[in-house]
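Chain A is the first sequence line, chain B the second, and so forth, proteins listed ahead of strands; every chain is numbered from 1.
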2 protein chains.
Amino acid sequence: MIQEKTVLIVEDEPDIQELIRYHLEKEGYATMLCASGSEALNIIEKQHPDLVLLDLMLPEISGIEVLKKVRFMWNLKELPIIIVSARTDETDVITGLELGADNYLPKPFSPKVLVANVKALLRRASTSSSTKNTHDDNLTLVGDLKIDQTRHEAFYEGSALVLTASEFSLLTLLASSPGRVFTRNQIISGMRGDDYPVTERSIDVQIASVRKKMGSGGNLIKTVWGIGYSYQDKP
Amino acid sequence: MIQEKTVLIVEDEPDIQELIRYHLEKEGYATMLCASGSEALNIIEKQHPDLVLLDLMLPEISGIEVLKKVRFMWNLKELPIIIVSARTDETDVITGLELGADNYLPKPFSPKVLVANVKALLRRASTSSSTKNTHDDNLTLVGDLKIDQTRHEAFYEGSALVLTASEFSLLTLLASSPGRVFTRNQIISGMRGDDYPVTERSIDVQIASVRKKMGSGGNLIKTVWGIGYSYQDKP
DNA sequence: AAGCTTTTTCACAGAATTTTCACATTTCAT
DNA sequence: ATGAAATGTGAAAATTCTGTGAAAAAGCTT
């Protein structure tokens, strides 16, 4: 039996919400609805939808913020996101795409276009992740460290590491290129995007924190004096 | 079929002119001759030689002026230029190198040295612009020396060199243009940026340190008396 | 808005590196 | 050969870098 794919619709206008929902369900997708950015983040974190349709104009948190959080704080790089926008103002759309949205649908759009986009993106997402691994999850393995990006969980020597969002992001970045030395600025860019305003030293604190939580494995995060940090690959 | 490379020889002494021409043509290079700076500029502008051998002592316009014009007025940063000097005036050689000459040959020089330098420089020039992604961009290989920028590791004869950040930086700079002579000031700029306030002599100490760590390979870092240092390319 | 968590900044100590300095040694031109 | 100039070198001095604990700031939840 085929697993039903779930689409999260983030949209504050009820009419459009209904419209989208109708067409997607007709095609056999499960849908979830929400009207604000904070709800959206909540749902994404807890229910793991397979795709997100994201309106950029939202109350409270803007769509851009949602995107940023999903991509950089949670490292859910694989979650397909389609931006839906009524904006004549293209800036947001461009920002959105640069932040890693997978596609963009201008309003108004025809149901056919909508469904076609959703289908295409889901197909691509499923093939790209399944080629990576025998198993379905998107995980990183380095020695005794295991990181599951989709579930947002990390394990060292089999036991779970209780990491904050940025600690997780940091460890993921380092461990996904073992042996590579990252400068503090590269780490900041990798975690938060290019123009995130923090002192380089803040990275040191995060590093210390992850090391401590990794216990004996903490020394796998190497300090490269005068340069930055790296995750050890060779024993 | 291999494209014949053209070398412009700027030299006012006819004997030396002939000598150089003879050896270069024997190696299969096309040559152009001229005896003054203004002629040189003319030819460079109109005929686009692949490399220039530039005597610094010239009538009318000095070699330094030619260099300046080529580098800064025409922006021909890629054109390889080798300074040929009778060595009475070290100052000029240093000025020349800092103005962006790619190398310098003290007179008198052996034909072998001449040809080797021309070859090396042409090879470097052709690979640096056209073949960017043949190999890993951040791997440098020179003889038994291997430098991995990404991992920030260096190996000599297979065993790792434990280098400090600036030693690594220094070795990388020299080894990424084997055979090229760097003045101490160029090294400082290359390592730390343009306005880094240190004595030139501090470079000597770093050099000594890298040499020591390279053990038997230490003598691959050549002292070019009165000018600076270079990493040996030809065995 | 209050209370909790996470993230960033700050300041200081300890380490490691980098530079300077003084003197020995080498090189080059005469 | 000889002397001036340039480089080699060991050790001291100065600087820079990292680890940390704690405070401040920023985010989130209720």
> Between A:D204 and A:R184, is the closest basic N to carboxylate O distance under 4.0 Å?
Replying inline: yes

>> Please tell me if B:S166 has a side-chain N or O lying less than 4.0 Å from either OP1 or OP2 of C:dT18.
In response: yes

>> Test your reading of the model: is there a side-chain donor-acceptor pair from B:Q186 to the backbone of B:L97, 3.5 Å cut-off?
In response: yes

> For A:L163 and C:dT5, what is the distance between atoms CG and P respectively, to the nearest whole Å?
Replying inline: 17 Å

> Once you round it to whole Å, what is the distance between P of D:dT20 and CD1 of A:I207?
Replying inline: 12 Å

> Atom NE2 of A:H152 to atom C1' of C:dT6: distance rounded to whole Å?
Replying inline: 13 Å

> Would you call A:R180 and A:D233 a salt bridge, taking side-chain N to carboxylate O under 4.0 Å as the test?
Replying inline: no

>> Check this for me, if you would: do B:D15 and B:R21 make a salt bridge, where the nitrogen-to-carboxylate-oxygen distance has to be below 4.0 angstrom?
In response: no

>> Could you tell me how far apart B:I187 (CD1) and C:dT19 (P) are, to the nearest whole angstrom?
In response: 12 Å

> Roughly how many Å is it from NZ in A:K213 to P in D:dG19, rounded to a whole number?
Replying inline: 18 Å

>> Taking only side-chain N and O atoms of B:T199, does any of them lie within less than 4.0 angstrom of OP1 or OP2 on C:dT20?
In response: yes

> Is B:K119 salt-bridged to B:E27, cutoff N-O under 4.0 Å?
Replying inline: yes

> If you check every side-chain atom of A:V205, which of C:dT9, D:dG10, C:dT6 has the closest atom?
Replying inline: C:dT9

> Is the distance from OP1 or OP2 of D:dG10 to the nearest side-chain N or O of B:K212 less than 4.0 Å?
Replying inline: yes

> Does OP1 or OP2 of C:dT18 have a side-chain N or O of B:T164 closer than 4.0 Å?
Replying inline: yes

>> Whether the side chain of B:D12 engages the backbone of B:S36 through a donor-acceptor N/O pair (distance < 3.5 Å, no angle test) should be reported.
In response: no

> Please give, in whole Å, the distance from D:dA5 P to B:E200 CD?
Replying inline: 16 Å

> Base, backbone or nothing for each nucleotide of nucleotides 13-18 of chain D, written B, S, -, heavy atoms under 4.0 angstrom, 5' to 3'?
Replying inline: ---BBB

> B:E167 has an atom CD; how far is it from atom C1' of C:dT17, in whole Å?
Replying inline: 9 Å

> Counting side-chain heavy atoms from CB outward, which of C:dT7, C:dT18, C:dT20 is closest to A:Q206?
Replying inline: C:dT7

>> Minimum heavy-atom separation for A:L51 and A:V118, please, with both atom names.
In response: CD1-O, 3.9 Å

